[in-house]
Amino acid sequence: MHGIHDLGGMHGFGSVAKEPDEPVFHARWESRVLGMVYQVVGYGWANIDAFRHGIERTPPVDYLTLGYYGRWRASLERILVERGVLAPGDVAARAAGATVPATPLPASPTAVEYGFERRLDAPPRFRVGDAVRARVTSAAGHTRLPRYVAGRRGVVASMHAAYVFPDTNAHGRGEDPQYLYNVRFGAAELWGAGAEPGMSLRIDLFEPYLEPVA
Amino acid sequence: MSDHHDGHDHDHDPIARRNALRAEALESLLIERGIVDPALIDAVVARFEQDIGPLNGSKLVARAWIDPEFRTRLIADPWAAAEELALATGPERTPIVVLENTAATHNVVVCTLCSCYPSSLLGLPPTWYKSPPYRSRVVREPRAVLREMGLDLPADTEVRVWDSSAEVRYMILPARPAGTDGWSEDRLATLVTRDALIGVARPEVSARG
């Protein structure tokens with residue numbers, strides 16, 4: 001999806017603010033949210049791709065103002081309502097001190113073993129050194145193909161293994177494992193004639209994101 | 001502008017207040033419904049507050065600087081290298097690629113789509129790494145961003161930006177700075193900061209040593 005999370009290349013966010021001696025968490029609630037996410041994802045209520053897609057669906061203004069763990073919290077609420085663990089309004093009601101009626105819970109999911117690497121029998125479509133183009137897409141679902149590389153030409157720099165495909169896994173459409181490639185893009189290809197000199201980009205892209213360049 | 005609402009100034013910031021209230025409400029509901037166990041939340045928090053942090057990376061790098069064979073093993077299998085040093089790590093063994101920075105090539109890591117980071121090895125990422133300014137800019141103007149962050153790279157150093165967009169994670173193996181001959185491994189480790197492991201800083205010996 002072309003969401004606010006897809007930040008690569010955008011202008012206007014100002015300078016990077018480093019915080020000296022930054023604590024691991026800035027408030028207790030942040031650490032509680034992290035711990036909840038580890039369990040909700042670990043126990044299979046939502047896989048990591050569905051959780052990320054939940055973050056991406058945070059309305060753009062909220063995305064930029066809630067902060068990192070605030071976005072996690074919003075995604076947790078969204079996903080658990082979608083899974084039927086929470087009814088809409090439950091969290092707001094509890095936060096306001098109102099009574100929250102018990103909800104009959106859906107069946108517990110199966111806990112998933114951590115790890116996303118898979119074996120594929122089919123050979124990979126591309127080889128190191130191949131010229132490729134990142135596909136242009138406007139699908140509304142989850143993807144790990146950022147806008148700033150879409151339509152740009154690159155070269156396969158190295159091969160990874162095959163991995164669970166986030167674009168299907170986020171939506172409950174199965175793991176559909178795909179080969180993963182590390183692709184190099186030149187500065188001018190991404191940013192035009194005014195690109196910063198002496199830089200290049202490397203990014204991990206799944207096979208369905210790529211098409212050959214003749 | 002960016003991610004500075006994370007819990008600062010709790011009583012006066014309505015967003016931080018709302019995050020705190022709703023997180024607390026969410027936790028109490030999920031405990032009631034048997035979805036989360038508060039003791040397991042405590043355990044994950046303790047892991048990141050006490051056990052796992054950038055010091056793991058500092059130790060790996062310092063050993064690699066003094067032991068070329070370990071350096072080879074670190075690049076071949078970072079998790080096995082971490083085991084060799086008996087480092088505390090998380091159970092999530094995401095594949096990690098170690099990138100060597102040299103005078104000729106400087107690597108720097110980002111995740112433009114979220115904030116992917118080798119957390120089970122290096123701990124949680126800093127706020128700036130998760131912030132829109134870093135994520136939006138470092139893929140487009142890495143030299144400018146690095147300069148602002150205090151690292152002015154020579155014009156003849158090639159900059160490679162790594163956008164960790166899938167389940168592979170990246171860690172930088174910085175170059176050993178000059179002026180450290182004969183230093184002990186522990187002393188070398190003090191030079192390797194979290195920022196150097198991401199590639200926005202280089203280990204340096206200060207003028208006063």
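- When each of A:Met10, A:Glu56, A:Arg73, A:Met199 is checked for heavy-atom pairs under 4.5 Å with chain B, A:Arg73 comes out on top.
- Your options are A:Val33, A:Ile55, A:Asp90, and the one with the most heavy-atom pairs under 4.5 Å with chain B is A:Asp90.
- Taking chain A as the reference chain and counting heavy-atom pairs below 4.5 Å, the highest number among B:Leu40, B:Leu21, B:Asp195 is found for B:Leu40.
- At a 4.5 Å heavy-atom cutoff, B:Asp156 makes no contact with chain A through either its backbone or its side chain.
- Note: A:Gln178 CD to A:Leu120 CG = 7.0 Å, rounded to the nearest 0.5 Å.
- Contact count versus chain B (heavy atoms, under 4.5 Å) is highest, among A:His160, A:Met36, A:Arg52, A:Glu117, for A:Met36.
- The residue among B:Glu92, B:Glu49, B:Glu158 with the most heavy atom pairs within less than 4.5 Å of chain A is B:Glu92.
- Your options are B:Ala166, B:Ala25, B:Ser165, and the one with the most heavy-atom pairs under 4.5 Å with chain A is B:Ser165.
- Atoms CG and CG, from A:Asp204 and A:Leu180 in turn, are 4.5 Å apart once rounded to the nearest 0.5 Å.
- For chain B, the option among A:Ser31, A:Ala195, A:Gly9 with the highest count of heavy-atom pairs below 4.5 Å is A:Gly9.
- Under a cut-off of 6.0 angstrom, the local environment of CZ in B:Arg93 is crowded, with over 12 non-hydrogen atoms contributed by other residues, nucleotides or ligands.
- With a threshold of 4.5 angstrom between heavy atoms, A:Ala92 approaches chain B through its backbone and through its side chain.
- For the set A:Leu80, A:Thr103, A:Ile48, A:Val40, the count of heavy-atom pairs under 4.5 angstrom toward chain B peaks at A:Thr103.
- Using a 4.5 Å cut-off between heavy atoms, A:Leu201 contacts chain B through both its backbone and its side chain.
- Environment of CZ in A:Arg184: sparse, with no more than 12 heavy atoms of neighbouring residues, nucleotides or ligands closer than 6.0 Å.
- Taking a 6.0 Å sphere around CD of A:Glu189, one finds it holds more than 12 heavy atoms contributed by other residues, nucleotides or ligands.
- When each of B:Trp162, B:Trp128, B:Tyr170 is checked for heavy-atom pairs under 4.5 Å with chain A, B:Trp162 comes out on top.
- Only the backbone of A:Thr143 comes within less than 4.5 Å of a heavy atom of chain B; no side-chain atom from C-beta onward does.
- With a 4.5 angstrom heavy-atom cutoff, B:Pro95 touches chain A only via side-chain atoms.
- Between the A:His171 side chain and the A:His142 main chain, a donor and an acceptor come within less than 3.5 Å of each other.
- Remark: A:Leu86 CG to A:Ile79 CD1 distance equals 11.5 Å, nearest 0.5 Å.
- Taking chain B as the reference chain and counting heavy-atom pairs below 4.5 Å, the highest number among A:Phe206, A:Tyr43, A:Trp72, A:Phe116 is found for A:Phe116.
- Neither the backbone nor the side chain of A:Pro166 comes within contact range of chain B; no heavy atoms are under 4.5 Å apart.
- With chain A as partner, the option from B:Val45, B:Val168, B:Val97 having the largest number of non-hydrogen pairs under 4.5 angstrom is B:Val168.
- A donor-acceptor pair under 3.5 Å links the side-chain atoms of A:Arg83 to the main chain of A:Trp45, judged by distance alone.
- Distance alone, capped at 3.5 Å, is enough to place a donor-acceptor pair between the B:Ser136 side chain and the B:Pro133 backbone.
- Of the possible polar contacts, one joining the A:Arg71 side chain to the A:Tyr63 backbone as a donor-acceptor pair under 3.5 Å is found.
- With salt bridges taken as basic N to acidic carboxylate O contacts below 4.0 Å, one links B:Asp42 and A:Arg32.
- In this structure, B:Tyr117 and B:Val109 have side chains that are not in contact, with every pair of non-hydrogen atoms separated by 4.5 Å or more.
- Residue B:Ile35 touches chain A through both its backbone and its side chain, counting heavy-atom pairs closer than 4.5 Å.
- Note that the CG atom of B:Leu60 and the CG atom of B:Leu87 stand 5.0 Å from one another [nearest 0.5 Å].
- Proximity to chain B (any heavy atom under 4.5 Å) is restricted, for A:Pro197, to the backbone atoms N, CA, C and O.
- The most heavy-atom pairs under 4.5 Å with chain A, out of B:Asp37, B:Thr94, B:Val110, B:Leu113, come from B:Leu113.
- Proximity to chain A (any heavy atom under 4.5 Å) is restricted, for B:Val145, to the side chain, taken from C-beta onward.
- Heavy-atom distances place no part of B:Ala43 under 4.5 Å from chain A, backbone and side chain included.
- A donor-acceptor contact shorter than 3.5 Å links the side chain of B:Arg135 to the backbone of B:Thr112.
- Residue contact with chain B, scored on non-hydrogen atoms closer than 4.5 Å, is absent for A:Phe185.
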